[in-house]
Amino acid sequence: MSTTSTVTSAAAASVAIPSSQREFTCVDLSDFDNRRDEIIKTLMGAATTQGFFYVINHGIDIEDIRTMFQASHDFFALDDSIKAKYPIDVSRNAGWEKLAQIRPSTGVADLKESMQLGFHNMEDIWPSLEDSPTFRPTGEKFMLQCNEVSTKLLTCLALGLGFEEDFFTKCHDINKEDCLNTLRCLHYHDITGQTFPPEYWRAGAHTDFDTLTLLFQRPGENGLEVCPGREASTEFGHGDSWTPVNPQEGDIVCNIGDMIMRWSDDQLKSNFHRVRAPVVGEYQGPRYSIAYFNQANKSAVIQGRTRYPDPITAGEFIKQAMERNYRALQELKAKKEEVSVQPTAISTIAA
Ligand SMILES: O=C(O)CCC(=O)C(=O)O
Ligand SMILES: [Fe+2]
């Protein structure tokens, strides 16, 4: 398989991967209060270039991460008829979906299922203790832990950009009803022995709509790749150089999202990333990952200082991003009649 061919079609083959090795910065959060200036420097270096970095010594115990993965695994192991009791509600960006997220970079559904969880208005979406005894208590604890790490990072990003230290954290207030922070548990199905058409990915190339994503993955379950540089020269970066992101167990992979890229007048970089569908001969077993998306509260006003001085609420920002996605899918459908694109509400789920 060629690793140098240039693929420019939106439905680029997941097997033709121009790839390169890049080093990702490690942001060490240990001794946070005393090392804050050093942390800000390292973090800003990574966030203003690759937009992807590892966070270590973040304070979440590795056993807590394993416990969360186990709870996620156990939830996804339930029969679909049980999971379907908690269907995705796009207006709340919460609930369960399977083979339903279609991205404009592929035009076909990601090979995955996911369960999204928010902090408020979730009573009918958290799986009952009868259906899944561990999922809710484990998930709620884990979300608080992710929020603590996010608070440290958002504080450093605010200071690094020359804002007051609580500039971002006060807009990501999990105690407010309109908080949009979300935990997404992901399960990429076992595809052992299967070969898919080239446009199929576990997660098609995309940027996240949010401010900051914390991503957890398990050892040996790789596949995440990043294409640093929004200036990616081909459509969705498909023909550009992608780098595998393979963290050590317990490290958090963090990435900058579109919302904070605009807020920072493009200083912080939200970059394309994707998850490959492994091919026969590689490990094609299941892959589990967990993403915690920080998004500013719905009513928070995002206003840049130079390039994007026009104010926009976070709610409106996300609505516009979803509409852009929807339009892009419609255009793709019109352009490629042979690609079966059925944009449903789920095709617009955030990030
Ligand atoms: O599963 C992964 O590693 C990445 C998932 C992702 O990028 C997303 O859900 O936005
Ligand atoms: Fe993502």
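Counting convention: from 1, in listed order, for ligands and their atoms alike. Counting from 1, the numbers follow the sequence of the chain as shown. The model shown is predicted, which means the values in this text are computed figures rather than measured ones.
Of all the heavy atoms of Val253, none lies under 4.0 Å from any atom of ligand 1, so neither backbone nor side chain is involved. Contacts between Asp208 and ligand 1 below 4.0 angstrom, taking non-hydrogen atoms only, involve the side chain exclusively. Contacts between Phe293 and ligand 1, counted as non-hydrogen atom pairs separated by less than 4.0 Å, involve the side chain only. When non-hydrogen atoms are compared, ligand 1 lies under 4.0 Å from neither the backbone nor the side chain of Ala291.
Per-residue contacts place Val275 under 4.0 angstrom from the following atoms of ligand 1 (heavy atoms of the residue considered): 1 (O), 2 (C), 3 (O), 4 (C). Per-residue contacts place His273 under 4.0 angstrom from the following atoms of ligand 1 (heavy atoms of the residue considered): 7 (O).
Here the closest heavy-atom approach between residue Leu157 and residue Met44 is recorded as CD2-SD, 4.0 Å.
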Please tabulate, for side-chain N and O atoms in residues 188-198, each donor-acceptor pair with protein atoms closer than 3.5 Å (sequence neighbours left out).
residue, atom, partner, partner atom, Å
Asp190, OD1, Thr192, N, 2.9
Asp190, OD1, Thr192, OG1, 2.5

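Vertex the Fe ion (ligand 2); arms to His206 NE2 and Asp208 OD1; angle rounded to 10 degrees, 90°.
For the ligand labelled ligand 1, residue Lys112 lies outside the 4.0 Å heavy-atom shell. The shortest separation from a heavy atom of His206 to ligand 1 is under 4.0 Å, placing the residue in contact.
The existence of a salt bridge linking Arg327 and Glu331 is excluded, since no basic side-chain nitrogen approaches an acidic carboxylate oxygen closer than 4.0 Å.
Within His273, the N/O/S atom positioned nearest the Fe ion (ligand 2) carries the name NE2.
Figure legend: Arg305 and Phe163 shown as a cation-pi pair, the cationic atom lying under 6.0 angstrom from the six-membered ring centre and within 45 degrees of its axis.
Aromatic pair Phe69/Phe216: centroids not less than 6.0 angstrom apart.
Separation of atoms CG (Asn181) and OG (Ser150) is listed at 7.0 Å; rounding is to 0.5 Å.
Taking the six-membered ring where the residue is Trp, Phe135 and Trp126 present perpendicular rings, their angle passing 60° and hence far from 30°.
The one candidate from Tyr308, Phe168, Phe317 that meets the ring-ring contact (aromatic ring centres under 6.0 Å, His included) condition with Trp263 is Phe168.
At least one N or O atom of Tyr188, backbone or side chain, sits closer than 3.5 Å to an N or O atom of ligand 1.
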